[in-house]
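Worksheet: one structure, shown below.
Counting starts at 1 for both ligands and their atoms, in listed order.
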Amino acid sequence: MVVGDISTGTELLVIGGGPGGYAAAIRGGQLGLDVTLVEADAYGGTCLNEGCIPSKALIHASDLAHEVDGAEGMGIHARVDVDLRGLVGWKDGIVDRLTDGVETLCTANGVNLVAGRAEFVDDGTARVAHGGEGRGSESIEFEHAVIATGSRPIELPELPFDGERILHSGDVLALDSLPDSMLVVGGGYIGMELSTTFAKLGSDVTVVEALGDILPRYADDITRLVRERAEALGVEFRLGEAATGFEETGSVARVSTETEAGETNGYDAERVLVAVGREPASDTCNVGAAGVEPNDDGAIETDDATRTGVEHVHAVGDVAGEPMLAHAAYREGHVAAEVVAGEPARLDQQAIPAAVFTDPEIGSVGLDADGAAAEGFDPVVGEMPLAASGRALTLGADEGFVRVIADADTEFVLGARIVAPAASELIAEVGLAIEMGARLGDIAATVHTHPTLSEAVAEAAANARGAALHVPNR
Ligand code: FAD
Ligand code: NAD
């Protein structure tokens with residue numbers, strides 16, 4: 001049966017049900033707005049379905065398998081067999097639970113959920129093609145809109161995704177058997193998180209990175225720790241080589257690379273993960289019809305109220321450009337809904353944290369010393385190496401550090417860099433300190449539970465003041 005075209009109206013139309021979109025929809029519902037959320041594929045977007053959550057599930061499982069396998073030194077003897085199909089099934093269960101939760105939360109907050117692909121017709125109307133043949137379409141008139149259509153993996157024309165040999169991160173997170181060998185193109189966030197994971201699960205992993213080092217956004221002493229640990233796990237690095245093409249040779253792909261000097265190489269692998277960045281998905285909903293113009297990178301630029309150039313049309317999350325992080329998307333979605341509801345909300349946070357879930361993890365927030373100096377501060381740096389942390393030693397993790405950066409005159413906390421187990425959690429304390437305008441003494445004088453890794457944050461702050469107990473002070 002063909003369902004004909006129907007016409008509806010809504011106060012706030014949200015296009016895309018990922019972290020940015022569902023945050024906007026739920027917050028809008030909480031504030032009493034009449035909200036319609038349109039999702040073309042699966043609620044939860046990239047983050048819940050093929051990004052943050054699936055990758056962290058696999059990372060946790062690979063840590064477990066690897067730790068048990070290597071625990072002889074602790075007197076624990078075990079034989080580990082990895083059944084990737086079972087592991088991926090467990091991960092899918094977590095995803096289902098969370099995506100169901102998003103639907104339930106939206107409904108509980110009065111959000112009208114529409115399944116289908118939305119496209120703007122003009123700056124007050126969108127059409128939604130309902131999923132599935134013969135399902136008809138719907139015209140939705142809106143007062144305000146939030147574009148939250150996310151991003152997608154960048155495809156290299158020389159290595160097009162085929163779902164078999166040349167894979168994007170979503171494909172890799174759904175594999176049902178462990179590849180003997182995996183070539184990872186790109187040593188960024190995804191490349192480093194997943195190369196470590198698959199090395200721990202037992203694949204032979206090679207990372208090809210075009211630049212001279214992995215994780216280009218991080219300082220040398222941070223990337224060195226992560227790279228050396230990955231090397232110890234068996235990951236091979238080909239730095240300064242860009243992937244330039246591939247050919248199938250029997251049951252493997254041969255990926256060719258080229259250095260800046262023009263030297264070429266070739267590497268064979270059963271599977272190839274291409275993780276060379278993500279691009280905003282600003283071309284999925286005909287934004288031009290609403291008067292919105294993406295920039296040259298495809299991102300929709302916004303002001304601090306998440307407004308695009310069109311007053312009543314907002315953009316949040318990955319489609320609005322860097323940082324392409326789920327927690328940034330949540331915050332932006334939140335602000336968009338509050339602005340639409342007439343609240344004085346703004347994107348006014350002092351710092352947005354970032355974490356790389358490698359081994360060890362990296363946590364980062366605010367300024368480093370160079371950044372602080374560039375902003376006119378006289379930076380003071382305090383550090384606590386993990387080798388001096390009792391808790392780190394009990395976790396078998398003595399490589400890494402907590403580094404806190406502050407302004408020397410005022411002692412206001414400006415940032416932190418942490419390389420440690422659970423750095424993704426530890427960094428939150430410094431984020432809070434920055435938002436609250438805390439000083440080094442506030443962190444140092446706060447009693448931290450013993451024995452914990454969080455004590456290292458307090459010691460790093462104390463070290464910056466020349467008052468640490470467990471490390472020599474500068
Ligand atoms: P998305 O989550 O991409 O959601 C966009 C949604 O819009 C999709 O569901 C899509 O189907 C829908 N859509 C698109 N066009 C239309 C249309 N026309 N009509 C209707 N619906 C439409 N970030 C972190 O902070 N921490 C992490 O640990 C982390 N790990 C990651 C690991 C991987 C492997 C990947 C790929 C990403 C990771 N990210 C992580 C990034 C994070 O997933 C994104 O920043 C986040 O999902 C962005 O949210 P969003 O709402 O902007 O977009
Ligand atoms: P990325 O930008 O982090 O890294 C891409 C890497 O690929 C770079 O180091 C780049 O030099 C390299 N590269 C580009 N072209 C190449 C080529 N031809 N050959 C070899 N190397 C090449 O991108 P990503 O890892 O794909 O991740 C995309 C985004 O997803 C991240 O920027 C981040 O916003 C998000 N993400 C976040 C997390 C997290 O928060 N923990 C985890 C995964 C993804």
Side-chain angles (χ1 to χ4, degrees), residues 14-24 37-56 58-59 99 102 114-120 126 128-129 131 146-154 156 158-159 168-170 172-173 184-194 207-217 238-245 255 257-258 273-287 315-320 322-330 332-333 352-358 361-364 424:
V14 181
I15 303 179
Y22 84 71
L37 171 62
V38 186
E39 169 53 54
D41 189 0
Y43 292 101
T46 305
C47 171
L48 264 56
N49 293 285
E50 47 183 33
C52 324
I53 298 298
S55 59
K56 270 77 247 181
L58 259 65
I59 288 168
T99 54
V102 169
V114 176
R117 181 164 295 276
E119 280 200 354
F120 289 103
V128 178
V146 173
I147 303 167
T149 49
S151 64
R152 58 177 162 252
I154 292 175
L156 292 174
E158 313 82 23
L159 284 93
H168 55 63
S169 50
V172 165
L173 292 167
V184 177
V185 179
Y189 274 79
I190 294 176
M192 284 314 302
E193 289 185 2
L194 294 184
V207 176
V208 169
E209 165 58 51
L211 300 176
D213 199 358
I214 57 165
L215 294 167
R217 291 167 228 215
R238 305 292 172 200
L239 302 176
E241 293 184 32
T244 51
V255 174
T257 68
E258 192 171 335
L273 163 63
V274 178
V276 295
R278 294 179 64 84
E279 59 191 3
S282 55
D283 57 356
T284 68
C285 64
N286 197 25
V287 294
V316 301
D318 286 7
V319 76
E322 296 285 346
M324 291 198 192
L325 299 172
H327 45 274
Y330 284 129
E332 289 163 18
I352 296 176
V356 195
F357 294 76
T358 39
E361 291 183 357
I362 302 172
S364 162
S424 56

Does E119 have a heavy atom less than 4.0 Å from any atom of ligand 1?
-> no
If you measure from atom 13 (N) of ligand 2 to every heavy atom of T244, I214, V276, which option wins on shortest distance?
-> V276
Numbered in order shown, the ligand 2 atoms found under 4.0 Å of a heavy atom of F357 are 41 (N)
Side chain or backbone of A210 under 4.0 Å from ligand 2, or both, or neither, by non-hydrogen atoms?
-> both
Which residue holds the protein heavy atom closest to atom 35 (C) of ligand 2, what is that atom called, and what is the gap in Å?
-> M324 O, 3.5 Å
Report yes if G277 has an N/O atom closer than 3.5 Å to an N/O atom of ligand 2; otherwise report no.
-> yes
Any E241 heavy atom less than 4.0 Å to ligand 2 = yes
Residue, atom name and distance, where the atom is the protein heavy atom closest to atom 29 (C) of ligand 1 = C52 SG, 3.3 Å
shortest atom 8 (C) of ligand 1-to-protein heavy-atom contact is with E39 OE1, 3.5 Å
Give the residue and atom name of whichever protein heavy atom lies nearest to atom 25 (O) of ligand 2, and the separation in Å to one decimal.
-> I190 N, 2.8 Å
Which pair of non-hydrogen atoms, one from V276 and one from I154, has the smallest distance, and what is that distance?
-> CG2-O, 3.8 Å
Check whether any heavy atom of A328 sits under 4.0 Å from an atom of ligand 1.
-> no
What residue and atom, counting heavy atoms only, is the protein's closest point to atom 3 (O) of ligand 2, and at what distance?
-> Y189 N, 3.1 Å
State the atoms of ligand 2, each with its element, that fall below the 4.0 Å cut-off from a heavy-atom position in V208.
-> 20 (C), 21 (N)
Hey, does the side chain of R152 reach the backbone of A281 with a donor-acceptor pair shorter than 3.5 angstrom?
-> no
Donor + acceptor pair across side chains of T358, E193 (<3.5 Å) = no
Taking atom 53 (O) of ligand 1 as the reference point, the nearest protein heavy atom with its distance = G150 CA, 3.1 Å
Mind checking what makes ring-ring contact (aromatic ring centres under 6.0 Å, His included) contact with Y330, not counting sequence neighbours?
-> Y22
Atom 4 (O) of ligand 2: closest protein heavy atom, distance to 0.1 Å, is G188 CA, 3.2 Å
Of H168, R217, R278, the residue with the heavy atom nearest atom 1 (P) of ligand 2 is R217
Report the member of L159, L325, L211 with the shortest heavy-atom distance to atom 40 (O) of ligand 2.
-> L325
Looking only at protein heavy atoms, what sits closest to atom 28 (O) of ligand 1 is K56 NZ, 2.7 Å
Candidates G18, P19, G51; heavy atom nearest atom 49 (O) of ligand 1 found on P19
Subset of ligand 2 atoms that lie under 4.0 Å from at least one heavy atom of A355 = 39 (C), 40 (O), 41 (N)
Considering only protein heavy atoms, which is closest to atom 17 (C) of ligand 2, and at what distance to one decimal place?
-> A243 N, 3.7 Å
Where ligand 2 meets G186 - atom numbers and elements under 4.0 angstrom, heavy-atom basis | 6 (C), 7 (O), 12 (C), 21 (N)
How far is atom 10 (C) of ligand 2 from its nearest protein heavy atom, and which residue and atom name does that atom have?
-> E209 OE2, 3.5 Å
Just let me know how C52 lines up against ligand 2, side chain, backbone, both or neither, with a heavy-atom cut-off below 4.0 Å.
-> neither
